[in-house]
Amino acid sequence: MGQIHYPLSHLPERVSIREVGPRDGLQNEDVILSTEQKVRLINCLSDTGLKYIEVGSFVHPKVVPQMADTAEVFARIDRRPGVVYSAIAPNAKGAERAIAAGVDAVQVFLSASESHNKSNVNMRIAESLAAAGEIARIVRGAGITFEAVISVVFGCPFEGDVPIEQTLDLVERLVDLGAEQITLGDTTGMGNPRLVQEVFIAFRERFPTVPVRFHPHSARGAGIANALAALQVGIDRLDASIGGIGGCPFAPGARGNICSEDLVHMLHEMGIETGVDLPNLVECSRLVEELLGHQVPGQTLRSGICGHIPDGRPNPRFRASNSAIHVAG
Ligand code: ZN
């Protein structure tokens with residue numbers, strides 16, 4: 001009827017955030033935290049209301065020394081009821097170690113492009129799918145959630161554009177293996193908002209009911225814009241990293257996870273619920289700085305939370321209707 005369509009009025013009311021800092025973030029840091037320090041960080045994150053935390057990875061310790069103590073970390077963290085503590089397994093042995101450590105969910109990683117898969121795990125995609133099948137059997141046989149992450153969906157550093165159908169064919173194979181959630185990753189930050197929407201609209205058309213999550217990277221500054229673009233087409237599951245660690249924008253080869261507290265801040269200001277206590281999350285970011293011994297890329301830690309001006313007066317722009325009702329304290 002000639003009405004103007006305002007896309008921002010169609011955003012999800014609530015967004016689920018998976019915190020990937022302890023794995024994706026720390027894995028890409030030069031500083032290797034002690035087990036004790038990782039446990040402190042994860043316990044801090046567990047107290048924020050986050051419902052999904054990527055704890056570590058059961059890869060060979062020689063390949064990723066930062067993650068060598070993942071089983072020990074699982075043994076020592078305080079597990080909060082209702083929080084999913086996940087880990088990555090690259091093969092059957094990793095899956096068995098993950099199960100023994102008591103993980104809630106196991107993720108497999110594959111690339112949408114052959115060249116990236118080869119470079120990342122030295123296998124063809126078909127070989128990675130065979131490995132994923134073996135992992136799925138072990139994990140699902142143990143009654144644990146099996147999930148899949150597809151890398152470089154929005155651009156491959158070797159091949160450039162990745163055909164959407166190529167990604168979706170891979171999704172179909174992973175769903176057939178029993179993947180309960182699919183994550184599409186913009187691993188090298190090559191995505192843009194228009195492409196993000198095209199990919200997720202195509203995903204939804206082909207897989208109307210498969211739970212899907214977006215893992216944006218901000219290697220070229222578009223991460224949070226891409227996250228918003230995904231929300232506009234109904235994607236309500238996003239990955240982010242505390243402090244934005246795992247990709248300092250000033251470091252060569254920066255990976256650039258988007259920053260959890262910056263994302264939560266933006267969502268709360270928009271009236272979108274996350275279930276996360278933002279001031280507590282910012283404190284976790286402060287802890288990350290202390291543990292790593294350098295500043296994090298996240299901006300909220302520097303600028304402060306709107307509505308949390310030091311004398312305690314609420315920012316009038318901070319709507320009482322949104323979920324982050326911390327204006328009184
Ligand atoms: Zn990442």
Side-chain angles (χ1 to χ4, degrees), residues 15-31 33 38 41-42 45 50 52-57 59 63-64 66-67 70 84-90 105-113 116-117 119-121 147-157 162 167 181-192 195-196 199-200 212-230 235 237-264 284-285 288 292 296-298:
V15 167
S16 143
I17 293 171
R18 174 166 61 188
E19 171 56 51
V20 301
R23 201 287 303 174
D24 191 3
L26 293 182
Q27 182 174 322
N28 292 297
E29 287 285 338
D30 292 334
V31 180
L33 298 191
K38 290 179 187 174
L41 172 59
I42 293 163
L45 292 165
L50 282 162
Y52 201 128
I53 300 175
E54 192 179 76
V55 170
S57 173
V59 295
V63 181
V64 187
Q66 290 95 330
M67 296 291 121
T70 295
V84 173
Y85 296 91
S86 73
I88 292 166
V106 170
Q107 295 153 254
V108 295
F109 268 66
L110 294 92
S111 304
S113 83
H116 189 267
N117 207 65
S119 139
N120 211 27
V121 291
E147 300 179 351
V149 180
I150 306 179
S151 306
V152 300
V153 169
F154 304 88
C156 167
V162 175
T167 298
Q181 174 174 258
I182 302 288
T183 299
L184 302 186
D186 184 14
T187 315
T188 50
M190 293 170 71
N192 63 73
L195 176 63
V196 165
V199 169
F200 281 107
V212 63
R213 182 174 279 281
F214 180 36
H215 183 98
H217 270 215
S218 210
R220 291 167 184 81
I224 211 142
N226 288 339
L228 177 63
I235 301 307
R237 300 177 183 215
L238 296 171
D239 282 3
S241 175
I242 187 74
I245 57 167
C248 173
F250 311 108
R255 306 292 292 272
N257 287 306
I258 65 166
C259 168
S260 304
E261 64 270 23
D262 290 357
L263 176 65
V264 168
C284 293
S285 188
V288 168
L292 290 176
V296 296

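As the structure lists them, so they are numbered: ligands from 1, and atoms in each ligand from 1.
Classification of the Phe154-Phe200 ring pair by plane angle, with boundaries at 30° and 60°, yields tilted.
Between the Thr183 side chain and the Val149 main chain, no donor and acceptor come within less than 3.5 Å of each other.
Put simply, Asp24 gets within reach of the Zn ion (ligand 1), with an N, O or S atom under 2.8 Å from it. Distance check for Asn257 against the Zn ion (ligand 1): an N/O/S atom falls below 2.8 Å.
Centred on the Zn ion (ligand 1), the angle running from His215 (NE2) to His217 (NE2) is recorded as 100°, rounding to 10°.
Looking only at atom types and distance, the side chain of Asp186 has no donor-acceptor partner in the side chain of His215 under 3.5 Å away. With 3.5 Å as the limit, one finds no donor-acceptor pair spanning the side chains of Arg23 and Ser86.
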